[in-house]
Every structure is written in structure tokens, then in C-alpha cells.
Amino acid sequence: MGINCLRVVPKIPPSAKHKIIISHSLLFTKRSSRAIHAAAASSSMSYEKELAAAKKAASLAALLCQKVQKALLQSDVHSKSDKSPVTVADYGSQALVSLVLERELPSESFSLVAEEDSGDLRGNSGQETLQRIRTLVNDTLANNEYSSVSNLTTDDVLRAIDNGKSEGGSRGQHWVLDPIDGTKGFLRGDQYAIALALLDEGKVVLGVLACPNLTLTSISGENQQSSQDKVGCLFFATVGTGTYMQPLDGSSLQKVNVSATENPEEASLFESFEAAHSLHDLSSTIAKKLGVKAPPVRIDSQAKYGALSRGDGEIYLRFPHKGYREKIWDHAAGCIVVTEAGGVVADAAGNPLDFSKGKYLDLETGIIVTNQKLMPLLLKAVKESLEEKASSL
């Protein structure tokens, strides 16, 4: 199985400047690690243009989504069953990302694997929604550096959305997009993310997470979120260069790292807000086996990956209900953001996630995320909990 998220951790001794790249359980020699680190650094330089384009695209999409969510929350007539606002934002976000990437990175081989397609917008019933999307996209472009292309037709918008029909795979480069990850969080006014990643020969080499409602300060228990906290984070990483965070306005860049906590009793745990998205009872069993004392932090979307990458918590557990297949756009950006910050992302058996098989992840039971030190203990607790669950059926 190919490894799709490289983990970069400090070399022994900790003061050494060079890094060892660990591939699953394989530890390379110092000489090999220098060569591999140099190769990774050289490779990552080739993604500078792609990273700049991805940051622009995700940031613009975040602005569009913020505008829609603000109007949604101010509306007195909004019904929780009315999903049209998130539909407009979802399609608008995908169209914007597609348009910006194409403009910034002109290429005949542009490939985008994304969640949405324009099928529902092409019929008579979708025309009003389509016009709203077109207006929203044009307004967002007009107020930024793309004003010269802010006269898009509905056909232009449909084509941009349908750029996302690629199947991905192990050959060539493919962008992977979730235009709004966490739609229920979006509707509630809570966390959501624009998640954009780049696959190169089946491996995640770049990731950007725009989290419009995530505070720039920690959301850990010690630092309770205040209404005065500034919100809007952009996390990004390219292979071999680490993970960085900055406000959505592009200021005050800082490098981030996962928590160094070794004692599971001191760890905090992230899981999906919605019980329908993950088995909370299984997560609770695992937490008890580890001795985790803090209650779980439940938030929507890949914002969990961003928060974990900067050390807000130590563990993220996701165990979908039986029959659910994980999509690559739900984890690709988050995976590299965490691994480049020094963390580990694996399935329940400890295997690295494989993004080279198309739109879906073929994995063992669920996804677990933590730091290097806690992973062996977490894997043991997960294995025991899954065995107990199976024997009780």
C-alpha cells in the first residue's frame, strides 16, 4: 500500500537540524534520511505555485461562504429544514475554487475531484438557485483581484462546477475539494471548512484548510473560547515543509505543531459533532481504556484536523456507521496538515490512508489521529475496543 501522508519528526538527538521521514514503522538511517529530506524539500519547492493558488482559492471560497452564512443567521424566516443557503454556498465555493485554480495554474491536464456536480442545477427547478450562485460568485470575484473575470455566465458557472467530475487515481496530479465540509455546522452557525488538497501520483503533497469560524486561539479546555476571540483560520502544508497557520486575511504566519503530550490521561479527544457521523459510544470506550479524563470536544468538519495540528487536542477518532465509505475529500487536506505538523493519521489497524484508489478510501473500520507518542497506546485501545464490540454482537 502506498503511503500518502509523509510524517516528518525530529531526528535523535532532538537538537539535530535534519529530519527523518518515517514511513509507517520504518526508520531510515541518518544518511538515508538526509537524502530523503533533501529530496522532499526539493520536491516541495515545485509546489510553491500550487500552494499560492490553493490559498487564494480557499480564502476566496471562505469569503463567499461567510457572506452566505451571515445572511442565513440574520434571517428571521429561515427554517432548519431549508437547505438552500448551504446549497448555494456549496456550489458557489466549488465554482470559485475551480475558476481560481484554472486561472492561476493554466494547464491542459487540470483535474479536480470534488463533491458536487451541476446536475440538479440544470433543470427548470434549479434555475433560481443557479442565478443566485452566479451572482454570488461574480460579486465575490468583483470585490477581489479577479474583477476582470467577474462577468461569468450561468454556463461558465456550470462548467466550473463540473470540473470536479474527475475520478482521481494514482497517476498524474488531481486537486481534491470539499467545498463546504460540515454542512450541518454551517447551517447551525458553527464550524465548517473549505478543504483543498493536491494529489501527485496518488500521494497527498499539499493541503489547505480554510476554517472561517475557528478561533485563532486554542479551543482547548484551558483556553475557553471568548466572544472577543478573532475567528477565521487558514492552515496549509506541503510535503516536507511543515504546517502553518494564519488568519484568513493572510497576516501573521506561524508554524504549528501537534501536542507533545505523552500521558493519555492528560489528552483531550476530538470527535464529530453529529452522532450520525461517528460512533460516539465506541469513542467513549476507547477513551476510557486510555484513561482520558476530559470530556470529548465535538466539532464539525476538518476543522478538527486544523485544531489538532496546532495542539488544541491530542486525539481525533472517527468511526462511521456500518456501510459508510469515506471519501477522499473528507480527509486529504486534513491528513497532510496533521502529518506535516508531526502527527499520525491512520485507519483503525494502523495503516496509512491511501488516496490513490479514486474517490473513496478503502480502510479498516475507522480513522484515528494523534501524535507519535500516543499512537501505540491508541492503537492498542482501539483494537481491544473493536474486539469487545464484535464479541458483544
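Ion pair Arg298/Asp190 not flagged as a salt bridge, since none of the NZ, NE, NH1 or NH2 atoms sits closer than 4.0 Å to an Asp/Glu carboxylate oxygen. The pair Lys289-Glu388 meets the salt-bridge criterion, with a side-chain N (NZ, NE, NH1 or NH2) lying under 4.0 Å from an Asp/Glu carboxylate O. Ion pairing of Lys304 with Glu271 is absent here, as no side-chain N (NZ or NE/NH1/NH2) approaches a carboxylate O to less than 4.0 Å.
Neither side chain, Glu266 nor Thr261, offers a donor N or O lying under 3.5 Å from an acceptor on the other. Between the side chains of Gln69 and Asn213, a donor-acceptor pair is found at a separation under 3.5 Å. Neither side chain, Asp155 nor Thr153, offers a donor N or O lying under 3.5 Å from an acceptor on the other. For the residue pair His331 / Gln302, no side-chain donor-acceptor distance below 3.5 Å is found, with atom types taken as modelled. Counting only N and O atoms by type, the side chains of Ser147 and Ser150 include no donor and acceptor under 3.5 Å apart. For the residue pair Asn371/Ser259, the side-chain donor-acceptor check at 3.5 Å is not satisfied. Side-chain atoms of Asn163 and Ser98 form a donor-acceptor pair, as typed in the model, at a separation below 3.5 Å. Inspection of the Ser166 and Ser111 side chains reveals an N or O donor paired with an N or O acceptor under 3.5 Å.
Aromatic ring pairs are classed by plane angle as parallel below 30°, tilted from 30° to 60° and perpendicular above 60°; the pair Tyr316 and Tyr305 is perpendicular.
A distance-only check finds a donor-acceptor pair linking the side chain of Thr243 to the backbone of Ala341 [under 3.5 Å]. The backbone N or O of His280 sits nowhere less than 3.5 Å from a side-chain atom of Ser284 that would complete a donor-acceptor pair. Checking side-chain atoms of Glu340 against main-chain N and O of Gly240 turns up a donor-acceptor pair under 3.5 Å.
For Lys203 and Phe355, the positive end is not near the middle of the six-membered ring at less than 6.0 Å and at most 45° from its axis. Remark: Arg188 qualifies as a cation-pi partner of Phe273 under the 6.0 Å distance and 45° angle criteria applied to the six-membered ring.
Between the CD atom in Gln173 and the CG atom in Leu206 there is a gap of 9.5 Å [rounded to 0.5 Å]. How far CZ of Phe186 is from CD of Gln191: 12.5 Å, rounded to the nearest 0.5 Å. In this structure, Asn351 CG and Asp347 CG are separated by 4.0 Å, a value rounded to the nearest 0.5 Å. Here the CD-CH2 distance, from Glu102 to Trp175, works out to 12.5 Å after rounding to the nearest 0.5 Å.
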- [ ] Evaluate the salt bridge (charged side-chain N to carboxylate O under 4.0 Å, His left out) criterion for residues Arg325 and Asp330: first the C-alpha distance (whole Å), next the side-chain angles of each, then the deciding distance (0.1 Å), finally the verdict.
- [x] CA-CA 11 Å; Arg325 295 184 71 190; Asp330 286 324; over 6 Å; no
TODO: Carefully, step by step, assess Asp162 and Arg122 under the rule salt bridge (charged side-chain N to carboxylate O under 4.0 Å, His left out).
DONE: CA-CA 11 Å; Asp162 283 340; Arg122 292 182 179 273; 3.0 Å; yes
TODO: Could you walk me through whether Glu145 and Lys56 pass the salt bridge (charged side-chain N to carboxylate O under 4.0 Å, His left out) test, one step at a time?
DONE: CA-CA 10 Å; Glu145 61 184 277; Lys56 282 184 181 180; 3.2 Å; yes
TODO: Mind running salt bridge (charged side-chain N to carboxylate O under 4.0 Å, His left out) on Glu384 and Lys380 for me, showing each step along the way?
DONE: CA-CA 6 Å; Glu384 291 175 356; Lys380 182 174 182 291; 2.8 Å; yes
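Of all the heavy atoms in Ser392 and Lys389, the pair that sits closest is OG-O, 2.8 Å.
Partners of Tyr146 according to the side-chain hydrogen bond (donor to acceptor under 3.5 Å, both in side chains) rule, which considers only residues two or more places apart in sequence or in another chain, are Glu104.
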